[in-house]
Amino acid sequence: MGAAPDPKLAAMISGAGGNPLLIVELVQGLREEGSVEISQERARLLDERIPRRVRDLAQHWLDSLSDKARQLVQVAAAVGGSFMVVEVASMLRETTASMLPALNETIASGLLICPGEQTVFQHELVRRSIADALPAAVRQALRQDVSALRRQHCLQVPMPPEFLVTDGRPAGTPVPGSTDAPSPLPAPAPLPASSTEPGIVHRLLPALLMARSTRTEPLPLGLADELRASLTAVLQAHYADVELTGTADAPLAERADRITRNTVSLFADGVQRATTRARAILATHQGRDDEADAVTATVVMSNLEWAVGNLAEGLRWGQRAVQCLGPATPPMWSPYVRLALATKLSDIGRFEEAEGLISTARTEAEALGQPHTATPSIARAMLLLQSSRLQEAQDSARAGLEVAAKTGGGWVVPVGQAVLILVALRRGDLASAADYAWRCRAAVGADSTVFPSIHFDWGECLVATAQLGARRTAELLTTTYAHLLTSPQLFVEEAAAAAWFVRLALAADDMPLASTVVTAAERFAAANPGRPTLAVAALHARGLLERDSEALRQAAREHVSPCAGALAEEDLGILLSAQEEKNGALGAAALRSALQRFVQIGSQGDIERIRAFMEEHGTPVTSAPRQGRPATAGWEALTDTERSIAHLVSDGLTNRQVARRVSLSPHTVNYHLRAIFRKLGIGSRVEVARHITHSA
C-alpha cells in the first residue's frame, strides 16, 4: 500500500500471528471496505471491524473440522484469547479425555496451540471472527458460564478483556436492534475469610513442603486469608495441649498468630524472597526449632537448595528438618517433612533409605485420616518409577489419585498424573500418555495450591517427541521447553534425561544443542562431587556425543536406574552396529542385552523400539523372542501399530490422517509404513490394500 501502518492498524495486523494469507486477506479486505485511509505515507485504520474476507477464511477453516472440534473452537472463541481444556470440556459436558481427539485435531489444523498451561488461538483475528459469528446472547451466556466455572474451582486464569466488553460496548449496554439489555456479569463470590475448617491446610501444606521450587506469584488474597484462618485454628488446637519451653509467657493466640504469619509468608513469589523469609524465620526462633514455622522454613530451605542443584545443602537441610520434629510440631507436619526428604534420597538412588521414610510417613498419615494418605502413595510411586518398577509405580500412583479425587488433592494430582505419563510412555502406550498429559496440565491450572514442577513439562516434552518426531521437538527445546535443557532438578530426578536430550539433538542434526546439554550435565556433576548418579549421567551424555563406546559401556554398567542402564546399553549397541565390519557382533550382543533388561523391567515401548531397529538391520533377536508371534516376513511380522496403520492406509487415508488416528506424528507413520513395505515385500500403498484384501 506504500504506507506505514498507524498503531491501531499495526495492532490489528499482529492479530494475524504472522500468517501471510491472513495478512493479505486482512489488508485487501480493509481496502475494499474503505476501512483504511492513506495520507502522507501513513495508513490509518478507520473501522476496527474485521473485513468479510477474513471472516470467510475463518469460516472455511472452521468448516473443515469435525463436529466436536468445531464446537470446541466456537466455545473457546467465545470464552476468550486463552482457556483451559478442562473449562471447555466442562461446559460441553465432556471429560478432558473425551475431548482429546478434537483438541488434537484443532492443534493439527493450526487453529490452536498450547505454549504453556493455557491453550490459545494461533491467530487472534480468527478467534474474533469465529466469536463474532455467534449470536451476542450466546457469547454472553458462554462467558457467564466460564466465569462461574472459574469461581467455583478457583481457577487462576487472567480475566481477558473480552469479558469486560460486548461488541466494543461496556457490559450491560443494550445490543442495537434488541429490546432486551444483557445482564451484567455477576460479581465473584467472596472466599471465606474466617473458616476454622482445616481442609485448606491439608492441600496447601503438602504443596509447600513437597515442592521442589517456589511460587512465581503470591497466593491469591482470598486463598491466603482462608489459609491463615484455617492454619491458626489448627495451631491453636495443637498448642493448647503442648507446653512450649521458653514461650510460656506468650499468649496462645499470639503464638499461633505469629507462627501462622511466618508459615504463610513462605508461600512466596520468587526464590530469593522465599529464601530470605525462611532464613529470617530460622534466625529469630531462639532455639525452638520444632515449632511449625521453623520446621517449615527448614524444609523450604532444603527444597530451594535442591532446586538450584546444591544437593549436599538440600540433603543437609532436609535431614535437619526431620531431626527438628518434636512435641511442638503439629502431627499434620510430620509425614510431609519425611516425604520431602524421601523424594530427594530417591532422586540420588538411595532407594532403601527413601522407602523407610515413606513407610514411617504412611503410618503417620494413616493416623491423621484419609486426606493425608494420598501423598505417601504418590511419593512412593515416584520412587518406584525411578527404580524402574513400572507396574508398582502405576498401582501406587492410581491409589494416591483415587484418594485425592475423594478428598481434594492439590499437589498430588498433577504429580501422580506425571508418573502415569512416564509409565505409559515406557510401555509404548502413547494414547494413554497423551491423555494423562492433558489431565496433568488441567490439574495444574485448576488448583492454585499446586507449585511448579519439572515433572509436568518433562512428561509433556516426551509425549511431544513421540508425536512430532526429533526435529520438531528439537525446535520446541529452544522455545517452549528450553528451561529443561539445563535444569538441575530434571537431571537429578531423571537419570537418563541428559542422554535423552543428546540422542534427540543428534537425530535432529543439531550439534550445538547436544553440546549445550553435555556441558550442562558435566557442570552439574562437577558442582556435586560424591554423587555418582550425576557423574554417570554426564558420562552417558558425553559418550553419545563423542561416539565413545567405552564411556557408554561404563554408563550401562554403573547407572543406578535400571532403565537408564538399559538405555546406555542400547546406545552402545547402536554405536557398535554402525561399525559393522569391526564391531557388528559386539553391537548385536549389546542390543540383545539391552532388550533383555527392558523385558525384565516390562518396558514394552523400549522393547518394540529395539526390536524394530534390530529387524531393520537384520540382527536376529535370539535372547528375547517375540512373545506369541514369530519375527518372520509377512503379515505376522507386523507389530500391532503397523497393522493398525496398514488397515488405515488401505482405506485411503493420508499419512497425516493416519497420524491423527493413531496419535503419532506423520514422520513416525512414514517410518512404520516403510517397515510395512519391507516386511510384506511390497513397494506402494496400493499394494498394502491389495495385500489386506487378499488376506481377508
Side-chain angles (χ1 to χ4, degrees), residues 346-351 384-390 422 425-428 462 490-507 514 517-518 520-522 524-526 528 530-580 582-617 619-624:
S346 177
D347 288 347
I348 57 176
R350 291 162 63 173
F351 298 129
L384 293 167
L385 177 64
Q386 289 171 320
S387 55
S388 301
R389 295 151 67 184
L390 301 185
L422 299 177
L425 287 171
R426 291 255 77 95
R427 290 180 163 175
L462 293 178
L490 178 61
F491 286 174
V492 70
E493 293 182 21
E494 296 289 340
W500 184 88
F501 285 131
V502 173
R503 191 182 303 113
L504 178 77
L506 294 177
V517 174
V518 171
E522 291 178 337
F524 184 37
N528 289 277
R531 305 295 172 196
T533 53
L534 302 180
V536 173
L539 180 69
H540 186 175
R542 173 64 70 179
L544 271 173
L545 179 63
E546 297 186 351
R547 302 175 63 81
D548 184 340
S549 59
E550 285 305 313
L552 294 176
R553 187 174 286 109
Q554 182 180 346
R557 187 171 58 249
E558 296 182 4
H559 265 304
V560 174
S561 164
C563 272
L567 286 168
E569 193 151 28
E570 178 190 354
D571 291 330
L572 173 63
I574 292 173
L575 174 61
L576 295 176
S577 296
Q579 307 164 349
E580 191 167 349
K582 182 180 178 182
N583 294 315
L586 293 175
L591 287 170
R592 283 193 288 268
S593 177
L595 183 60
Q596 189 60 43
R597 293 169 78 166
F598 281 128
V599 168
Q600 292 172 354
I601 294 168
S603 187
Q604 192 62 34
D606 298 301
I607 292 169
E608 290 297 332
R609 183 183 62 251
I610 296 179
R611 280 177 171 156
F613 178 87
M614 296 177 76
E615 290 172 359
E616 186 172 353
H617 290 78
T619 304
V621 184
T622 58
S623 61

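We count residues from 1, following the sequence as given. Hydrogens, waters and symmetry mates play no part in the numbers below; they use all other heavy atoms, side chains included.
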Undergrad: For Leu506 and Ala514, which heavy atoms make the closest approach, and how far apart are they?
TA: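 Shortest heavy-atom contact: CD2-CB, 4.3 Å.
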Undergrad: Just wondering, are more than 12 heavy atoms of other shown residues or ligands nearer than 6.0 Å to CZ in Arg547?
TA: no
Undergrad: Hey, does the side chain of Ser388 reach the backbone of Cys563 with a donor-acceptor pair shorter than 3.5 angstrom?
TA: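 It does hold such a pair.
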Undergrad: If you compare all heavy atoms of Ile610 against all heavy atoms of Ala594, which two are closest, and at what distance to 0.1 Å?
TA: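 Smallest interatomic distance, heavy atoms only, reads CD1-CB, 4.0 Å.
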Undergrad: Could you measure the distance from the CG atom of Asp571 to the CG atom of Leu575? Nearest 0.5 Å is fine.
TA: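 Atom-to-atom, Asp571:CG and Leu575:CG are 8.5 Å apart.
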Undergrad: CG/Leu422 to CD/Gln386 distance, rounded to the nearest 0.5 angstrom?
TA: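 One gets 10.0 Å once the value is rounded to the nearest 0.5 Å.
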Undergrad: Can you tell me how far CZ of Arg427 sits from CG of Leu425, rounded to the nearest 0.5 angstrom?
TA: 12.0 Å
Undergrad: Looking at every heavy atom in both Ala590 and Glu569, which two are closest together, and how far apart are they?
TA: O-CG, 3.4 Å
Undergrad: Would you check, one step at a time, whether the test side chain to side chain contact (heavy atoms under 4.5 Å, CB included) holds for Val518 with Leu544?
TA: CA-CA 9 Å; Val518 171; Leu544 271 173; over 6 Å; no
Undergrad: Output the distance between atom CG (Asp347) and atom OG1 (Thr533), rounded to the nearest 0.5 Å.
TA: 9.0 Å
Undergrad: If I take atom CZ from residue Arg611 and atom CG from residue Leu595, how far apart are they, to the nearest 0.5 angstrom?
TA: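 Output value for this atom pair is 5.5 Å.
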Undergrad: Looking only at heavy atoms, what is the nearest atom pair of Asn528 and Leu534, with distance?
TA: CB-CD1, 3.7 Å
Undergrad: Would you check if Val517 and Leu545 make a side-chain contact, meaning some heavy-atom pair closer than 4.5 Å?
TA: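 Sidechains of Leu545 and Val517: no contact.
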Undergrad: Could you give all pairs that pass the salt bridge (Lys or Arg N to Asp or Glu O under 4.0 Å) test and reach residues 530-541, with sequence neighbours left out?
TA: none
Undergrad: Just checking, any donor-acceptor pair under 3.5 angstrom between side chains of Gln604 and Glu608?
TA: yes
Undergrad: Write down the atom of Phe351, the atom of Ser346, and the distance for their closest heavy-atom approach.
TA: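 Minimum heavy-atom contact is CE2-O, 3.3 Å.
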Undergrad: Are Arg553 and Leu576 packed together at the side-chain level, in the sense that at least one heavy-atom pair is separated by less than 4.5 angstrom?
TA: yes
Undergrad: Any chance you could measure Leu539, atom CG, to Glu522, atom CD, to the nearest 0.5 Å?
TA: 8.5 Å
Undergrad: Please list every donor-acceptor pair under 3.5 Å in which a side-chain atom of residues 493-502 meets a protein atom from a residue at least two apart or in another chain.
TA:
from, atom 1, to, atom 2, distance (Å)
Glu493, OE1, His455, NE2, 3.0
Glu493, OE2, Arg212, NH1, 2.9
Glu493, OE2, Gln489, NE2, 3.3

Undergrad: Please enumerate all residues that pass salt bridge (Lys or Arg N to Asp or Glu O under 4.0 Å) together with Glu546, with sequence neighbours excluded.
TA: Arg542
Undergrad: Quick check against the 3.5 Å criterion: does Ser603 have a side-chain atom that pairs as donor or acceptor with the backbone of Phe598?
TA: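 Side chain of Ser603 to backbone of Phe598: no pair is present.
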Undergrad: Does the side chain to side chain contact (heavy atoms under 4.5 Å, CB included) test come out yes or no for His540 and Glu558, once each step is laid out?
TA: CA-CA 10 Å; His540 186 175; Glu558 296 182 4; over 6 Å; no
Undergrad: With side chains defined as the heavy atoms from C-beta onward, is the minimum distance between Phe613 and Glu570 less than 4.5 Å?
TA: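 When only atoms from C-beta onward are counted, Glu570 and Phe613 do not touch, as no gap falls below 4.5 Å.
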Undergrad: So which atom in Ala568 and which in Leu552 form the shortest heavy-atom distance, rounded to 0.1 Å?
TA: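 So the two residues come closest at CB-O, 4.0 Å.
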